[in-house]
> 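Next up is a structure, given as structure tokens.
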Amino acid sequence: MTATTPKDTLARLLEVDEVDAPDLPVSWNVAPTQPVYVVATSSSGARRLRALRWGLVPNWAKDPRIAAKLINARAETLSKRPAFRSLVARRRALVPVSGFYEWRGQPPGARNPRQPFYFRRPGAEPLVFAGLWDVWFDAEDRPLRTCTVITTTANKTMTPVHHRMPVVLSPGHWDEWLNPEPLRPGRLAELLVPAPEGLLKSFPVGLAVNSALNDGPELVEPHRPAGAQDGFWPAPAG
DNA sequence: CCAGACGTTGTT
DNA sequence: GTCTGG
DNA sequence: CCAGACGTTGTT
DNA sequence: GTCTGG
């Protein structure tokens, strides 16, 4: 994913009460285990922006390396998974980003690397993902706050590239999502749906994004996919 | 009962 | 912490 | 998500 | 093939 909006701008956009985060470097290649700005409700009820590490480490974890497996959470099974169930009830979070990448599936047996696509709003405005967060304490009792991003089925824009997509919450749903009380199962299902058609634009980008060591605005410049295998799948619209 | 996992993606 | 598998 | 490592002994 | 790190 990409994160290029300063925390103060996000704080205004998301109507945050408290900012308790360092300035994170702008990034066009946020990888799992790296910090992102996250908004959640504090114990006193304030809407607070913090920097949390992407990749959930549940409070009960013995080994924080579990984070690698918990970077996404399926909307459909959220309420029954031991790793997420309690968090869905009381530790929901907003994860604002500038855009995100998905890699296009390949014909079986293909050997070339998968083609990355960038997804963002037409005017590059921030997107707000639905997430969950938790806090874990190491042996020295230092807190580690982490988050995961909820996914759902792909909308029509996404389908040519990938069959899943992150849940994007519209501004009208932010308050309800941040309320630290359980939601009715039916309501959860209504909120965790694919983004409306037209919200996102997408285009292929260069393979540089494939290495977490690469970063910079050039990663999100449109880039024609190379290679004879291209075209096996339709190009995404938008 | 205790031990061990706790997840998603995509691929075949 | 809670669930599943043995 | 993708890329890159995947190991031990013993030395400076 | 599978795990770890970014």
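So you know, we letter chains A, B, ... as the sequences are listed, proteins then strands, and number each from 1. In what follows, every heavy atom counts, from backbone to side chain, and hydrogens, waters and symmetry copies are set aside.
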> At a heavy-atom distance below 4.0 Å, what parts of residues 136-148 of chain A sit against DNA chain B?
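Heavy-atom contacts with DNA chain B come from no residue of residues 136-148 of chain A; none.
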> Within the 4.0 Å heavy-atom criterion, would you say A/F84 contacts the bases, only the backbone, or no part of the nucleic acid?
sugar-phosphate
> In this structure, how many angstroms lie between the C1' atom of D/dC1 and the CG atom of A/N29, rounded?
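Nearest whole value for this atom pair: 9 Å.
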> What integer number of Å spans the P atoms of E/dG1 and D/dT8?
23 Å
> So, does A/T77 get its side chain near the phosphate of B/dT8, meaning an N or O under 4.0 Å from OP1 or OP2?
yes
> Using a cut-off of 4.0 Å on non-hydrogen atoms, how would the nucleic acid contact of A/W103 be classed: base, sugar-phosphate, or nothing?
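Result for A/W103 = sugar-phosphate.
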> Which dot-bracket string describes DNA chain B (Watson-Crick N1-N3 plus N6-O4 or O6-N4, or G-U N1-O2 and O6-N3, all under 3.5 Å; [ ] crossing; | other strand)?
||||||......
> Please give the distance between the P atoms of B/dA5 and E/dG6 as a whole number of Å.
24 Å
> How far does the P atom of E/dG5 sit from the matching atom of B/dA3, given to the nearest Å?
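Taking atom P in both E/dG5 and B/dA3, they lie 28 Å apart.
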> Specify the separation, in whole Å, of atom CG of A/L219 and atom C1' of D/dC2.
13 Å
> How close or far is atom P of C/dG1 from atom CD1 of A/I66, stated in whole angstroms?
15 Å
> Which part of the nucleic acid does A/S86 contact within heavy-atom distance under 4.0 Å: base, sugar-phosphate only, or nothing?
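Contact class for A/S86: none.
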> Is A/R164 close enough to B/dT9 that one of its side-chain N or O atoms is under 4.0 Å from OP1 or OP2 there?
yes
> Check whether any side-chain heavy atom of A/Y118 lies under 4.5 Å from a side-chain heavy atom of A/S98, and answer yes or no.
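The answer is yes; the side chains approach within 4.5 Å.
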> Applying salt bridge (charged side-chain N to carboxylate O under 4.0 Å, His left out), can you list everything that pairs with A/R48, at least two apart in sequence or on another chain?
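Partners of A/R48 by the salt bridge (charged side-chain N to carboxylate O under 4.0 Å, His left out) criterion, ordered by chain and then number, come out as A/E18.
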> Taking only residues two or more places apart in sequence or in another chain, which ones pass ring-ring contact (aromatic ring centres under 6.0 Å, His included) with A/F100?
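So A/F100 forms a ring-ring contact (aromatic ring centres under 6.0 Å, His included) with A/F119, A/F129.
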> Nearest-Å distance, CZ (A/F129) to C1' (D/dC1)?
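Distance check: A/F129 CZ to D/dC1 C1' gives 12 Å.
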> Measure the distance from NZ on A/K62 to P on C/dT2 and round it to the nearest whole Å.
14 Å
> Going hydrophobic residue to hydrophobic residue with side-chain gaps under 4.5 angstrom, can you get from A/L10 over to A/L178?
yes
> Rounded to the nearest 0.5 Å, how far apart are CD of A/Q115 and CD of A/Q106?
9.5 Å
> Between B/dT8 atom C1' and A/L132 atom CG, what is the distance in whole Å?
14 Å
> Give me the one residue out of A/L191, A/L192, A/V149, A/V95 that meets side chain to side chain contact (heavy atoms under 4.5 Å, CB included) with A/V167.
A/L192
> Mark yes when over 12 heavy atoms from residues, nucleotides or ligands other than A/R90 sit less than 6.0 Å from its CZ; otherwise mark no.
yes
> Please classify the nucleic acid contact of A/I71 as base, sugar-phosphate, or nothing, using heavy-atom distances under 4.0 Å.
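Base contact.
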> Atom pairs, N/O to N/O, protein against nucleotides 3-7 of chain D, distance under 3.5 Å?
unit_1, atom_1, unit_2, atom_2, d
D/dA3, OP1, A/N210, ND2, 3.4

> Have a look at A/A61 and say if it touches a base, only the backbone sugar-phosphate, or nothing, with a 4.0 Å heavy-atom cut-off.
nothing
> Any chance you could measure A/R85, atom CZ, to A/T77, atom OG1, to the nearest 0.5 Å?
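OG1 of A/T77 is found 13.0 Å from CZ of A/R85.
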> Is it the case that one hydrophobic cluster holds both A/W133 and A/I71, taking links as side-chain heavy atoms less than 4.5 Å apart, direct or via other members?
yes
> Do A/L87 and A/W60 sit in the same hydrophobic cluster, where Ile, Leu, Val, Met, Phe, Trp and Tyr count as joined when their side-chain heavy atoms come under 4.5 Å apart?
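Linked within one cluster.
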> Atom CG of A/N112 and atom C1' of D/dC2: how far apart are they, to the nearest Å?
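In whole Å, D/dC2 C1' lies 15 Å from A/N112 CG.
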> Expressed in whole Å, how much space separates the P atoms belonging to B/dT9 and D/dG4?
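Taking atom P in both B/dT9 and D/dG4, they lie 24 Å apart.
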> Answer whether the closest heavy-atom distance between the side chains of A/L200 and A/L127 falls below 4.5 Å.
yes
> When you compare the side chain of A/E76 with that of A/T153, does any pair of heavy atoms fall below 4.5 Å?
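A side-chain contact exists here, since the closest heavy-atom pair is under 4.5 Å.
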> Report, one pair per line, the protein and nucleotides 3-6 of chain C atoms (nitrogen or oxygen only) whose separation is under 3.5 Å.
unit_1, atom_1, unit_2, atom_2, d
C/dC3, OP1, A/R85, NH1, 2.7
C/dC3, OP1, A/R85, NH2, 3.3

> Rounded to the Å, how far apart are A/R104 CZ and B/dT11 P?
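After rounding, the reported distance stands at 12 Å.
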> Give a yes or no on whether A/L183 and A/V128 share a hydrophobic cluster (residues Ile, Leu, Val, Met, Phe, Trp, Tyr; joining criterion: side-chain heavy atoms under 4.5 Å apart).
yes
> Which atoms form the tightest heavy-atom contact between A/S27 and A/T4, and what is the distance?
O-CG2, 4.0 Å
> Taking atom C1' in both B/dG7 and C/dT4, compute the distance separating them and give it to the nearest angstrom.
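To the nearest whole Å, 15 Å.
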> So which heavy atom on A/R47 is nearest to which on A/V39, and how close?
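Nearest pair, atom of A/R47 first, then A/V39: CG-CG1, 3.5 Å.
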